[in-house]
Each structure stands twice: as structure tokens, then as C-alpha cells.
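One structure below.
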Protein chains: 2
Amino acid sequence: MDRIDNQILSIIHENARITVSEMSRKIAMSQPAVTERLRRLEEQGVITGYRAVLSPSKLGKYTTAFVLFKSKNCKEFEEFGEAAPEIVDFYRTSGEYNYLLKVVTETSETLEAFLESCNTFGFSSTLVVLSTRFEDKGLITSQDA
Amino acid sequence: MDRIDNQILSIIHENARITVSEMSRKIAMSQPAVTERLRRLEEQGVITGYRAVLSPSKLGKYTTAFVLFKSKNCKEFEEFGEAAPEIVDFYRTSGEYNYLLKVVTETSETLEAFLESCNTFGFSSTLVVLSTRFEDKGLITSQDA
DNA sequence: TGTGAAACTGCATCGTC
DNA sequence: GACGATGCAGTTTCACA
């Protein structure tokens with residue numbers, strides 16, 4: 001994990017579909033060398049995947065909310081969470097609440113319906129997202145790369 | 001936006017570095033047709049980008065937390081947030097708190113230092129993430145694709 | 001680990017429907 | 001909108017440093 005690896009990570013976090021050739025030009029290194037470094041970063045688990053970022057609103061999902069949850073039966077609630085398509089992110093947390101969920105739904109009505117379906121598992125508190133300033137800022141700072 | 005577009009979105013959300021040829025085999029359509037559909041999905045803003053997913057712990061970041069924030073001066077706080085490398089996600093929310101931040105730091109000590117640097121802007125409540133059950137579940141359900 | 005060369009594979013583009 | 005053909009670009013592999 002040297003400076004070149006950090007450059008590769010920074011570039012590929014910005015644009016996961018960049019070609020290895022283009023990257024090799026950016027960092028002034030041969031294309032097979034970059035391919036090999038990428039392979040290693042994947043193998044070591046530094047890179048865990050590559051994802052397209054989709055616009056919720058363009059897919060008819062206009063409501064995003066964070067739900068703080070205090071569940072009684074954790075096992076049952078986690079099984080419910082796995083199966084619920086509305087839950088995009090699912091975290092176990094410390095504090096008064098033991099779960100935090102990011103929920104994406106069509107409208108506030110479908111959010112309400114979702115919250116009601118959670119009621120049997122415990123108590124929740126919901127924060128509706130008004131707007132997103134930014135998401136998924138890179139973990140590599142310019143000084144690292 | 002038909003079933004084939006949904007299939008493309010589902011596939012490329014799973015693996016953003018898949019080749020167009022491989023996709024075209026999976027969905028039994030010619031390579032130029034898939035290229036054209038991809039181009040349109042990008043142009044329409046359904047796909048807003050492609051990102052590598054990086055492991056925080058492999059980069060020395062062992063602490064993730066969600067910070068609920070109640071700020072007095074919103075403009076100043078947002079400028080601070082843009083510049084803070086610890087803040088990975090930044091949302092404006094409804095409710096008692098007006099911001100929600102996802103913060104990734106090296107240790108609980110660096111989290112503490114970050115929280116102290118926020119103090120001038122208002123009041124915060126922090127939920128430390130104990131574990132992540134899942135993140136970034138696809139917005140396309142199997143019935144759509 | 002990194003490089004250069006060669007064979008292979010994938011992609012952009014265009015004409016056709 | 002989708003297809004097939006084609007020339008160019010990117011990737012894989014390997015011998016060598």
C-alpha cells in the first residue's frame with residue numbers, strides 16, 4: 001500500500017469503469033503493472049466491489065429516510081431487514097437505539113407503510129432526508145495519493 | 001425504462017466493471033444495443049456514476065459513526081462539512097436535528113477529536129456503528145428485472 | 001514488481017433493417 | 001431501437017530484467 005496504490009484507489013473510486021490503460025497513463029506506469037496492483041488490491045480486500053450509482057428519483061423513489069430502531073427480538077428483526085427491499089443500508093449501533101437503517105421508498109406514504117410494518121419489532125424514530133449534500137466521499141485524501 | 005434496462009441496472013450495480021460483451025451475453029442482446037442502452041441510462045441521469053467500494057478497515061479506518069447534528073449557522077456548518085475528510089455522507093434532515101453525517105475515522109480517539117471540532121457549530125448526538133449488516137442494497141427488485 | 005511484445009478480446013462505429 | 005461486420009483500443013500472458 002504505497003502512494004501508487006492510493007492513486008489507483010482514488011482514481012477507481014471516482015470512476016470504476018475507467019480502463020486500466022487510461023489509469024496507466026495517468027500514473028505513468030505500464031498497463032500490466034497497474035493490472036497486477038489492481039488484482040492485489042482486490043485480493044487483499046481493500047477493494048470489495050464495484051458499483052454503479054443509481055438515481056433514486058429517476059427510479060421513482062422520492063423519499064429517503066434514516067430510521068433509528070430499538071428492537072426487542074434482534075434475530076427476527078434482522079431477518080425482516082434482509083428481506084425488506086426498502087432498506088438500503090443496515091447498521092448495528094451503540095446507544096439508546098440498536099439499529100440504524102437507511103430506507104428508500106417511492107413516497108412518504110410508502111415510507112409510512114414501511115414504518116408500520118416495523119412496529120411489531122420494536123420502537124423507531126425517523127429522520128426524513130430533505131436533501132443530500134454529498135454521499136460516498138473518498139477515504140483517500142489528496143495527501144495519501 | 002423497460003425490463004431490459006432494469007436488468008442492465010441490476011447487473012451493473014452488482015459489478016460496475018463488467019464488460020458490455022459479458023452483459024450482452026447475460027441478457028441475450030447484441031453488444032451495440034447494450035452499449036446504446038447504457039449510454040442513454042447515463043445521459044438520462046439514471047446512472048450517475050461508477051464507484052469502487054473500499055474497505056475502511058484495510059485503509060486504517062476502524063471507526064464509523066452517524067452524527068445527528070443541530071446547527072445554528074447552517075452555511076458555516078456546510079462549508080466545514082465539505083472540507084472535513086472524516087465526513088463521508090452529508091444529509092439535511094427534518095426533525096429535531098437538521099443534519100445527519102456518516103463519519104469514518106481511524107479510531108474512537110480521532111472520532112472524539114472530530115466531534116470536538118464540530119462543537120462550535122452546534123449540538124450533536126453520536127451513534128457508533130458496531131457492525132454493518134449490509135450497505136447499498138440494489139434499488140431494483142427481482143420483479144423489475 | 002515492473003516492462004515490452006504478441007495474441008486475444010472487447011468496443012465504437014457504421015450501414016442496414 | 002436492434003443487428004452484423006470491421007478496424008481500433010484494451011487486456012492477458014509471458015519472457016526478461
Side-chain angles (χ1 to χ4, degrees), chain A residues 1-61 136 138-145, chain B residues 1-61 136 138-145:
Chain A
M1 280 294 306
D2 56 9
R3 198 151 296 138
I4 294 172
D5 282 331
N6 280 317
Q7 283 181 265
I8 291 173
L9 293 175
S10 180
I11 291 169
I12 210 155
H13 180 261
E14 278 294 310
N15 174 16
R17 281 187 75 75
I18 192 173
T19 62
V20 175
S21 306
E22 210 175 319
M23 259 200 287
S24 71
R25 278 174 227 131
K26 287 198 186 209
I27 62 183
M29 187 178 243
S30 75
Q31 187 263 329
V34 176
T35 302
E36 176 60 15
R37 276 170 179 268
L38 249 190
R39 197 194 59 72
R40 249 176 237 153
L41 288 167
E42 291 169 1
E43 194 183 52
Q44 293 170 351
V46 180
I47 298 173
T48 58
Y50 302 97
R51 290 196 180 283
V53 184
L54 308 184
S55 160
S57 65
K58 301 278 176 172
L59 295 167
K61 315 271 185 175
D136 206 8
L139 296 176
I140 314 284
T141 55
S142 49
Q143 288 139 38
D144 297 328
Chain B
M1 280 294 308
D2 57 6
R3 199 152 294 138
I4 294 172
D5 282 331
N6 280 318
Q7 282 182 266
I8 291 174
L9 293 174
S10 179
I11 291 169
I12 210 155
H13 180 262
E14 279 293 311
N15 174 17
R17 280 187 73 76
I18 192 173
T19 63
V20 175
S21 305
E22 209 175 320
M23 258 199 289
S24 72
R25 278 174 226 129
K26 285 197 186 208
I27 63 184
M29 185 178 249
S30 75
Q31 182 258 314
V34 175
T35 302
E36 176 60 14
R37 276 169 178 268
L38 246 192
R39 196 193 59 72
R40 244 175 242 154
L41 289 167
E42 290 170 0
E43 194 183 52
Q44 292 170 351
V46 181
I47 299 174
T48 59
Y50 303 97
R51 291 196 179 283
V53 184
L54 308 184
S55 160
S57 65
K58 301 278 176 171
L59 295 168
K61 316 270 186 176
D136 207 8
L139 296 176
I140 314 286
T141 55
S142 50
Q143 287 136 40
D144 298 327

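Letters A, B, ... mirror the listed sequences (proteins, then strands); counts begin at 1. Computation of the quantities below employed the complete heavy-atom set of this structure, encompassing side-chain atoms and omitting hydrogens, waters and symmetry-equivalent molecules.
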Once side-chain hydrogen bond (donor to acceptor under 3.5 Å, both in side chains) is applied, do any residues pair with R17(A), and if so which ones, sequence neighbours excluded? none
I4(A) and M29(A), any side-chain heavy atoms less than 4.5 Å apart: yes
Taking side chain to side chain contact (heavy atoms under 4.5 Å, CB included) as the definition, give me every residue that meets it alongside Q31(B), ordered by chain and number, with sequence neighbours left out. V20(B), S21(B), S24(B), T35(B)
Residue pairs involving residues 5-16 of chain B (criterion salt bridge (Lys or Arg N to Asp or Glu O under 4.0 Å); sequence neighbours excluded): D5(B)-R37(B)
What distance do I12(A) atom CD1 and L41(A) atom CG have between them, rounded to the nearest 0.5 Å? 9.0 Å
What residues, two or more places apart in sequence or in another chain, satisfy side chain to side chain contact (heavy atoms under 4.5 Å, CB included) together with R3(B)? none
Thinking salt bridges, do E36(B) and R39(B) make one under a 4.0 Å N-O criterion? yes
With sequence neighbours left out, write down each residue that passes side chain to side chain contact (heavy atoms under 4.5 Å, CB included) with Q143(B), or none if nothing qualifies. T141(B)
Residues of residues 31-49 of chain B with any non-hydrogen atom less than 4.0 angstrom from an atom of DNA chain C: list those, numerically ordered, please. Q31(B), P32(B), T35(B)
Quick one: side-chain hydrogen bond (donor to acceptor under 3.5 Å, both in side chains) partners of S30(A), sequence neighbours excluded? none
Once salt bridge (charged side-chain N to carboxylate O under 4.0 Å, His left out) is applied, do any residues pair with D144(A), and if so which ones, sequence neighbours excluded? none
Nearest heavy atoms of L139(A) and P56(B), plus distance in Å: CD1-CA, 3.9 Å
Residues in side chain to side chain contact (heavy atoms under 4.5 Å, CB included) contact with E42(B), at least two apart in sequence or another chain: L38(B), I47(B), Y50(B)
Divergence of helical axes at both termini of the helix from dT1(C)-dA17(D) to dC17(C)-dG1(D) - five pairs an end, 10° steps: 30°
Could you list where the contact with chain A starts and ends along DNA chain D, reading 5' to 3', using a 4.0 Å heavy-atom cut-off? dG10(D) to dT13(D)
Members of residues 2-24 of chain A that approach DNA chain D, where some heavy atom sits under 4.0 Å away: T19(A), V20(A), S21(A)
